[in-house]
Protein chains: 2
Amino acid sequence: MSNVLSYLVAARRCEVDELERLARTCKLVLTVGKLVHCLQQERGISNIYLASHGERYAALWPERVAASDAARLEFEEWLQSNEHADALSNGARLYTRIAFALHALDGLPQMRVDISALACSPAANSDRFKTLVGSLLALVFEAADVAVDPEISRLLIALFHLMQGKEFAGRERAAGAAAFAAGRITQEQAQTIEYHIDMQEQAFRRFESFAESFRAEWTAMQASLPLAELERMRRKLLTAHERALDDSLADAWYGCCSTRMDGLHQVEIHLADYVQAQCRQKIGELQRELGDHEQLFAHGAGIDSLAPLAAFSSSLGPGEMASGPLDGSVGPHLTQAIVDILRNQSERLQNLTQELATVRESLEERKLIERAKGILMIRQGLNEESAYRLLRQHAMNQNRRIAEVAQTILSLTEILPDAR
Amino acid sequence: MSNVLSYLVAARRCEVDELERLARTCKLVLTVGKLVHCLQQERGISNIYLASHGERYAALWPERVAASDAARLEFEEWLQSNEHADALSNGARLYTRIAFALHALDGLPQMRVDISALACSPAANSDRFKTLVGSLLALVFEAADVAVDPEISRLLIALFHLMQGKEFAGRERAAGAAAFAAGRITQEQAQTIEYHIDMQEQAFRRFESFAESFRAEWTAMQASLPLAELERMRRKLLTAHERALDDSLADAWYGCCSTRMDGLHQVEIHLADYVQAQCRQKIGELQRELGDHEQLFAHGAGIDSLAPLAAFSSSLGPGEMASGPLDGSVGPHLTQAIVDILRNQSERLQNLTQELATVRESLEERKLIERAKGILMIRQGLNEESAYRLLRQHAMNQNRRIAEVAQTILSLTEILPDAR
């Protein structure tokens, strides 16, 4: 009897531990989000600096560098203070992502040497930052892809999509800034910017679908943004073709995009805080129940009423293969209290597991698409946007979903293994 | 740089920990399997004892009781020696199952009081043991439903199906033994036995499909069994209807079924040992690689060759959103060794995750079917076999898979919530 309770308590403890790890993971995501925000600013400024041959933002750039370095330090300090194993959910994969991110960050000094020497093109500079930020967002994705609590998973997935959309907005800002500063835009640059705009909209739609509870704040933030001005400058940018662009607009463009980026970053922060609060709340609830169990445990031994095991045979659920709707006369007996705890615990865990499966389907789709895109990029030597366009085109022609086309490509590559 | 390696090492450590937990879980399954085997014997013997009004096996029954108690003690000792949290994979759910199993075991003394007093029918006795063994198999199912390594998951799932098939064989033995001992069989008893035979065959087919590596031993074991004799007695049993059964066959029946049960138990033990060995082997491999990493770590700091991050942008895989096929001139640099470790680690984890998803689909289907069956039992007051027959009938009529029908039933119950 007391043994039964001690294992119910152990089960609750495991749940609490998982949520503690999850809360820690949220803190990590918050820290990464701040670093990403700084790197996005540094990218934008350094692109204008490069495109203007060092004339613009020569003073502002070092400030951005300093800001990024401060955020990077914060990130690395957070890591050091959480170094012990199983400090975070979903360890192996998350730690691998952290390793990726850290060594992408190791490349930052070299990138800055090249910038200050005007030794790389804005496009090459954007690519480097894209890879760097990408490795940080990969970390956030891994953190979101964790199977603990469906509600929190939804919010983490929403947060990931928000950050991903913001990154596409950042790339648009950088590409546009470079074009304005250079006073002209090529057809390819225009296409890239259009792609970034599409991807932003997709990511934000996904964000909205996963963060209903944030709809209000989201709408309010959107309303506060100079979106009309942004669209006006987008139009100028995308219709200029080979014609001259008013390079005095570079600052206006950068400022307008930045206001939007800052707004997005605020929502990001609020969402991450909210997720942490949710974890804390769930931990609190579990611990209260844990307390109740332990009380029951204290004077639990030996009690023996007439509640048949059969009463919750149904709630044994998956794996419980053998119990029918037994008549009360059979089966071992134990107190109703414990029957209820067992039933609730079992049903709760069962439902959590199923909700989680549903919530995480969308992540699986995204993984398929990302991998298929990567394969097209490697094998066909396409850039990201062309690879994506190719996928979408196929899907439209065959009237299938992009994820399905991605799946087909992946299964083909298993048959035709990569030459690498 | 050294940071990068320390996180790669941390990632490996997490994998090793997971496998350690998994190996411990296998040991648990082995202990549970032994206990189940003893309880199945006790059920069979006690059923003959009850059906023969205490004439048969009056001497053998106490031996079986003692054997079960010994196995139960072993199980509980194992639990005590592994009490610390996160000793086992998939803690919360597994510990809940353990709690269920423990309190089902708390009912055993009362069951025996009733048996020795001939105070319950063989059918009622079978139901009690069915519930008890069911709670133990539920524990095994939870242990099998763990996301660590696809290969090992396959084997654990095979093991679960083997144990489940064996339990249906045990229920057939008990039901048949009672019928022979009573000298007659009712239509309902015959139907139940037919159901147990169907379910055995299903479970063993699943076992075969998940344990290819055991096909040979499995076939050999099958060949060694008195299956012809079993079938002959099954025929007598199932065609007797209300006619008299030769009650002197009770022993022959019990002996024949038991030989088979023991053979199944042997395969079960070998499989469980094999799974543990597999865990150990994988742990060994990971630790060797871990050693290599730590060596690299030792004189790793500061090395800086010309391997572009881009080289493995493709292997960043899911979540890695931003890196295209960069030309080697861009991106941070680090040693080829670390590039390779990062790439392999990332690809390996990515593939593991995907294989796992596939392997575990079959478990999801089973959960659906079990839950739908449970709902039919509760709501329509059906017994297990009728509920299953109803599902199968629907599936056949609508030419759909049983899992699909189960899904429909479950989604309906969400609309029409249970009165309970």
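Per chain, numbering begins at 1; letters A, B, ... match sequence-line order. Hydrogens, waters and symmetry mates are skipped; everything else that's a heavy atom, side chains included, is used.
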Checklist line | Over all atoms of both residues, closest heavy-atom pair of A:A11 and B:A92 | finding: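 Distance-wise, the nearest heavy atoms are CB-O, 3.3 Å.
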Check: Taking only residues two or more places apart in sequence, or in another chain, which ones meet B:R12 in a salt bridge (Lys or Arg N to Asp or Glu O under 4.0 Å)?
Finding: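 Expected list: B:E15, B:E289.
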Checklist line | Among A:T96, A:V140, A:L8, residue most engaged with chain B (heavy-atom pairs, under 4.5 Å) | finding: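 Sorted descending by pairs with chain B, the first entry is A:T96.
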Checklist line | B:A387: partners by side-chain contact (heavy atoms from CB on, under 4.5 Å), with sequence neighbours left out | finding: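 Result, side-chain contact (heavy atoms from CB on, under 4.5 Å) vs B:A387: B:K373, B:L376, B:M377, B:L382.
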Next item on the list: Rounded to the nearest 0.5 Å, what's the gap from CG on B:L102 to OG on A:S6? Could you check?
Entry: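 Going from the CG atom of B:L102 to the OG atom of A:S6 covers 7.0 Å.
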